[in-house]
There are 2 protein chains.
Amino acid sequence: MSLPDQAEGTTRRPSRQRSAVLALLDGLDGFRSAQDLHALLRQRGDSVGLATVYRALQALVDDGQVDVLRGDDGEASYRRCSTGHHHHLVCRSCGRTVEVADPPVERWAARVAAEHGFADVQHQLEVFGICSDCAARG
Amino acid sequence: MSLPDQAEGTTRRPSRQRSAVLALLDGLDGFRSAQDLHALLRQRGDSVGLATVYRALQALVDDGQVDVLRGDDGEASYRRCSTGHHHHLVCRSCGRTVEVADPPVERWAARVAAEHGFADVQHQLEVFGICSDCAARG
DNA sequence: AGCGTTCATGGGAATCATTCTCACATAGGT
DNA sequence: ACCTATGTGAGAATGATTCCCATGAACGCT
Ligand SMILES: [Mn+2]
Ligand SMILES: [Mn+2]
Ligand SMILES: [Zn+2]
Ligand SMILES: [Zn+2]
């Protein structure tokens, strides 16, 4: 049902920078902007050029290892995710994210698209809210 | 369930420009970018400043008369929509859009959020595909 | 280890949608 | 007609993302 991930096998020459980006993402559980990730890398000492951060993220996205989300302001946020198809429950305040699945909506999307003569169907479903930690703080 | 639309009653001084934007949207059935709408207004003769197009669209969005969608490139697209809560089936090629509803997913989103302790829940669900007209052309 | 080829990096310029500024126009009430 | 609050528009400013290109690092070969 999900896209073939045709670019998944692309060989890339390993580099300290790419590893640093992936390692950073592994230690975070929420969606973060490229700018944020770049700043975090600097603090951590693993300095990486901003352009390289964007390139690394794009490569990971193409490879299906990272998910992207567009905020209301249009800024992209990235998160290390499981490779299968899923959706997200995201905290608007801190970005904390839970991966969720909803089989019924998968069928619904396919059916409603077919009913209207649409082919090549994709869908996106995200749930936003305030997590309990953030609600406690105010 | 949907947001209170608190700004809905804001009084705004009428203007030729605002009317032109709304009239243009009424004659279109797909999502269009602000830049596109601005260009269309110029062609049509109702010239309106780009900043004013953005202001008019933002006002309509705040008023709940227009929906916004963020494309993969982060560019915002706008469409005159019915005021109630709904989702969209959008053609990736021409933007043609059908409004759709899915009551089950409404309940599902509320439940899954509650199960994880999230409050102040919103969700967004969009379906993308290629409409029959565009599929016919190739 | 040395060398050449190929690909990755990074800093800064370029892009581009969107927002801001502010001088000017205009709607509406007097 | 006149006043005042608000809308407009041209261009500047903003800010995320991408592009450019000279430099650096990885790989394959010797
Ligand atoms: Mn799904
Ligand atoms: Mn819904
Ligand atoms: Zn939170
Ligand atoms: Zn179409």
Side-chain angles (χ1 to χ4, degrees), chain A residues 7-25 28 30-63 65-79 95, chain B residues 7-25 28 30-63 65-79 95:
Chain A
E8 207 170 75
T10 308
T11 59
R12 282 174 205 288
R13 189 181 304 190
S15 77
R16 170 184 66 81
Q17 291 86 345
R18 180 106 34 76
S19 305
V21 170
L22 194 54
L24 175 60
L25 286 171
L28 298 171
F31 279 87
R32 297 298 171 81
S33 72
Q35 305 277 350
D36 280 352
L37 295 170
H38 178 242
L40 287 170
L41 284 170
R42 298 207 130 182
Q43 290 177 26
R44 184 191 257 220
D46 298 317
S47 186
V48 179
L50 180 56
T52 301
V53 172
Y54 276 102
R55 279 187 291 243
L57 290 171
Q58 191 53 60
L60 290 167
V61 168
D62 292 344
D63 210 52
Q65 302 187 55
V66 162
D67 278 357
V68 201
L69 219 56
R70 291 275 174 183
D72 287 331
D73 56 355
E75 190 178 10
S77 292
Y78 304 83
R79 177 179 186 268
Chain B
E8 207 170 73
T10 308
T11 60
R12 283 176 205 284
R13 177 150 54 185
S15 77
R16 169 183 68 80
Q17 291 86 346
R18 180 106 34 76
S19 306
V21 170
L22 194 54
L24 175 61
L25 286 171
L28 298 170
F31 279 88
R32 298 297 171 81
S33 73
Q35 304 278 349
D36 280 352
L37 295 169
H38 178 242
L40 287 171
L41 285 170
R42 300 207 130 181
Q43 289 176 27
R44 183 192 258 219
D46 299 318
S47 185
V48 179
L50 178 58
T52 300
V53 172
Y54 276 103
R55 279 187 291 244
L57 290 171
Q58 192 52 62
L60 290 167
V61 169
D62 292 344
D63 210 51
Q65 301 186 56
V66 162
D67 279 356
V68 202
L69 219 57
R70 292 274 174 184
D72 287 332
D73 56 356
E75 189 177 10
S77 292
Y78 303 84
R79 177 179 187 267

Peer 1: What is the distance, to the nearest angstrom, from the CG atom on B:Leu57 to the P atom on D:dT8?
Peer 2: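 Distance check: B:Leu57 CG to D:dT8 P gives 12 Å.
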
Peer 1: Minimum heavy-atom separation for B:Asp46 to B:Ala20, with atom names?
Peer 2: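 That would be CB-CB, 4.0 Å.
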
Peer 1: Could you give the start and end, 5' to 3', of the contact zone on DNA chain C for chain B, using atoms under 4.0 Å from its heavy atoms?
Peer 2: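 Reading along DNA chain C, I get C:dA17 to C:dG28.
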
Peer 1: Quick check on DNA chain D: between A:Arg70 and B:Ala51, whose nearest nucleotide comes earlier from the 5' end?
Peer 2: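 Mapping each residue to its closest nucleotide by heavy atoms, the 5'-most match is B:Ala51.
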
Peer 1: Side chain of A:Arg13: nearest nucleotide among D:dA25, D:dT18, D:dT8?
Peer 2: D:dA25

Peer 1: Tell me: CD of B:Gln58 to P of D:dT8, nearest whole Å?
Peer 2: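 Taking CD of B:Gln58 and P of D:dT8, I get 14 Å after rounding.
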
Peer 1: Rounding to an integer number of Å, can you tell me how far B:His38 NE2 sits from D:dT8 C1'?
Peer 2: 12 Å

Peer 1: In whole angstroms, how far is the P atom of D:dA12 from the CG atom of B:Leu50?
Peer 2: 14 Å

Peer 1: I need the CG-C1' distance between A:Asp73 and D:dG15, as an integer number of Å.
Peer 2: 10 Å

Peer 1: Could you walk me through whether A:Val53 and A:Gln35 satisfy the side chain to side chain contact (heavy atoms under 4.5 Å, CB included) test, starting with their C-alpha distance in whole Å, then the side-chain angles of each, then the deciding distance to 0.1 Å, before giving a yes or no?
Peer 2: CA-CA 9 Å; A:Val53 172; A:Gln35 305 277 350; over 6 Å; no

Peer 1: Answer whether the closest heavy-atom distance between the side chains of B:Arg32 and B:Leu25 falls below 4.5 Å.
Peer 2: no

Peer 1: I need the B:Leu22 CG to B:Gln17 CD distance, nearest 0.5 Å.
Peer 2: 13.5 Å

Peer 1: Are any side-chain N or O atoms of A:His38 and backbone N or O atoms of A:Val48, one a donor and one an acceptor, separated by less than 3.5 Å?
Peer 2: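 Present.
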
Peer 1: Count the heavy atoms of every other residue, nucleotide or ligand shown that sit under 6.0 Å from CZ of B:Arg42, and state whether that count exceeds 12.
Peer 2: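 12 or below, so no.
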
Peer 1: If an axis is fit to five pairs at each end of the helix from C:dA1-D:dT30 to C:dT30-D:dA1, what is the angle between the two, to the nearest 10°?
Peer 2: 30°

Peer 1: To the nearest Å, give me how far apart CZ (B:Arg55) and C1' (D:dT6) are.
Peer 2: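 Those two atoms, CZ and C1', are 11 Å apart.
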
Peer 1: Is the backbone of B:Glu75 close enough, under 3.5 Å, to the side chain of B:Asp73 for a donor and an acceptor to pair up by distance?
Peer 2: yes

Peer 1: What is the nucleic acid contact for B:Ser15, judged by heavy atoms within less than 4.0 Å: base, sugar-phosphate only, or nothing?
Peer 2: sugar-phosphate

Peer 1: Among the nucleotides D:dT8, D:dA10, D:dA16, which one has an atom lying closest to any side-chain atom of A:Gln35?
Peer 2: D:dA16

Peer 1: Rounded to the nearest Å, what distance is computed from the CG atom of residue B:Asp46 to the C1' atom of nucleotide D:dG9?
Peer 2: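 From B:Asp46 CG to D:dG9 C1': 16 Å.
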
Peer 1: With distance as the sole criterion, is a donor-acceptor pair present between the side chains of A:Thr52 and A:Arg55 under 3.5 Å?
Peer 2: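 Yes, because at least one side-chain N or O of A:Thr52 sits under 3.5 Å from a partner of the opposite role on A:Arg55.
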
Peer 1: Would you indicate whether the side-chain heavy atoms of B:Leu28 and B:Leu37 approach each other to under 4.5 Å?
Peer 2: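 Yes. Closest side-chain heavy atoms under 4.5 Å.
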
Peer 1: Would you mind telling me which residue lines up with the more 5' stretch of DNA chain C, B:Ala34 or A:Ser47, judged by nearest nucleotide?
Peer 2: A:Ser47

Peer 1: Would you mind telling me which residue lines up with the more 5' stretch of DNA chain D, A:Glu75 or B:Gly49, judged by nearest nucleotide?
Peer 2: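 In this pair, the answer is B:Gly49.
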
Peer 1: Quick check on D:dT17: is either OP1 or OP2 less than 4.0 Å from any side-chain nitrogen or oxygen of A:Tyr54?
Peer 2: yes

